[in-house]
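Being a predicted model, the structure only gives us computed values, none of them experimental. Values below: every heavy atom of this structure, side chains too, minus hydrogens, waters and symmetry copies.
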Amino acid sequence: ERNCDCTQLSDVWAPGSVWNGAGTVGFRASTGSRAMLENGSADNCLSGVAAGASVSVNVDTFSAQNCSLIGIDSTGSCSVEAYESNVSGSHIGLRARLGAMVYAENAIANNCTNMSVSAEGGGTIIFNNSAIANNAKNEGLFASGGGVIVANGATVTGCDINLRANLGG
């Protein structure tokens, strides 16, 4: 199990770091922590990156591919920058819920085994410009319970359902 757990108001600056193959979450940040992980990877983990409660995480040009649960997951009042990141092949590529905000312009979320991009319970994902979400097994973009996905200029094709919104999403 190779991973990093950043908690209790911690700061981590680890660009280019690799947490591939972690049996749990490759990188987790919670409780007011900040992390800069650009150009790194957490491929083939249970979840690649998990951000929670009052956290700020930068995973620009990050790879969290083929994760068995979620490539990049955000929960609570956190902010995640994931520009040009790749979460392809994960069960869920990108997820924001319970007030989380994810900036994922130009991100890639292809061939996800469930959903490519999911905003739930007030979560917001900015999935603009050349962002790509192709060939998801179920939904390409999924918003529910007040979740918002902004997808101007994004490409979403070949999914069972390219866009699905329900319960105020």
Check: N114/N138 side-chain N/O donor and acceptor closer than 3.5 Å: yes

Euclidean distance, S116 OG relative to N135 CG, rounded to 0.5 Å: 8.5 Å

Q8 CD to S33 OG distance, which is reported to the nearest 0.5 Å: 7.5 Å

ILVMFWY cluster, I125 and V156 together (side-chain gap under 4.5 Å): yes

Cluster overlap Y83 with I126, hydrophobic side-chain contacts below 4.5 Å: yes

Shortest non-hydrogen contact from G21 toward C45: N-SG, 3.8 Å

Closest contact, heavy atoms only, G48 versus V25: O-CG1, 4.1 Å

Connected via hydrophobic side-chain network under 4.5 Å: L46 and W19: no

Gap separating the CG atom of N111 from the OG atom of S90, nearest 0.5 angstrom: 10.5 Å

Closest non-hydrogen atom pair, A136 against E139: CB-O, 3.4 Å

Cluster check V55, V49: I/L/V/M/F/W/Y, side chain < 4.5 angstrom: yes

Spatial distance of atom CZ (R164) from atom CD1 (I149) [nearest 0.5 Å]: 11.5 Å

Interatomic distance, N44 atom CG to N66 atom CG [nearest 0.5 angstrom]: 5.0 Å

Residue pair F142 / L163, side-chain heavy-atom distance below 4.5 Å: no

Considering all heavy atoms, the nearest A151-L141 contact: CB-CD1, 3.9 Å

Verify same cluster id: V150, V87 (apolar side-chain graph, 4.5 Å): no

For a quick test of your reading: what N or O donor-acceptor pairs under 3.5 Å do the side chains of residues 93-107 make, sequence neighbours left out?
{"unit_1": "R95", "atom_1": "NE", "unit_2": "D73", "atom_2": "OD1", "d": "3.0"}
{"unit_1": "R95", "atom_1": "NH2", "unit_2": "D73", "atom_2": "OD1", "d": "3.4"}
{"unit_1": "R95", "atom_1": "NH2", "unit_2": "D73", "atom_2": "OD2", "d": "3.0"}
{"unit_1": "R97", "atom_1": "NE", "unit_2": "T75", "atom_2": "OG1", "d": "3.1"}
{"unit_1": "E105", "atom_1": "OE1", "unit_2": "N129", "atom_2": "ND2", "d": "2.7"}
{"unit_1": "N106", "atom_1": "OD1", "unit_2": "S130", "atom_2": "N", "d": "3.0"}

Pair H91-T113, side-chain donor/acceptor within less than 3.5 Å: yes

C112 SG to I108 CD1 distance, which is reported to the nearest 0.5 Å: 11.0 Å

Side-chain donor-acceptor pair present, T24, N3, cut-off under 3.5 Å: yes

Pairs flagged by salt bridge (charged side-chain N to carboxylate O under 4.0 Å, His left out) wherever residues 16-42 is involved - sequence neighbours left out: D5-R28, D11-R34

Evaluation steps, side-chain contact (heavy atoms from CB on, under 4.5 Å), between V80 and I72: CA-CA 9 Å; V80 176; I72 298 174; 4.1 Å; yes

Test item: F27 and L37 side chains (from C-beta on) under 4.5 Å apart, heavy atoms: yes

Side chains of D43 and S63, donor plus acceptor under 3.5 Å: yes

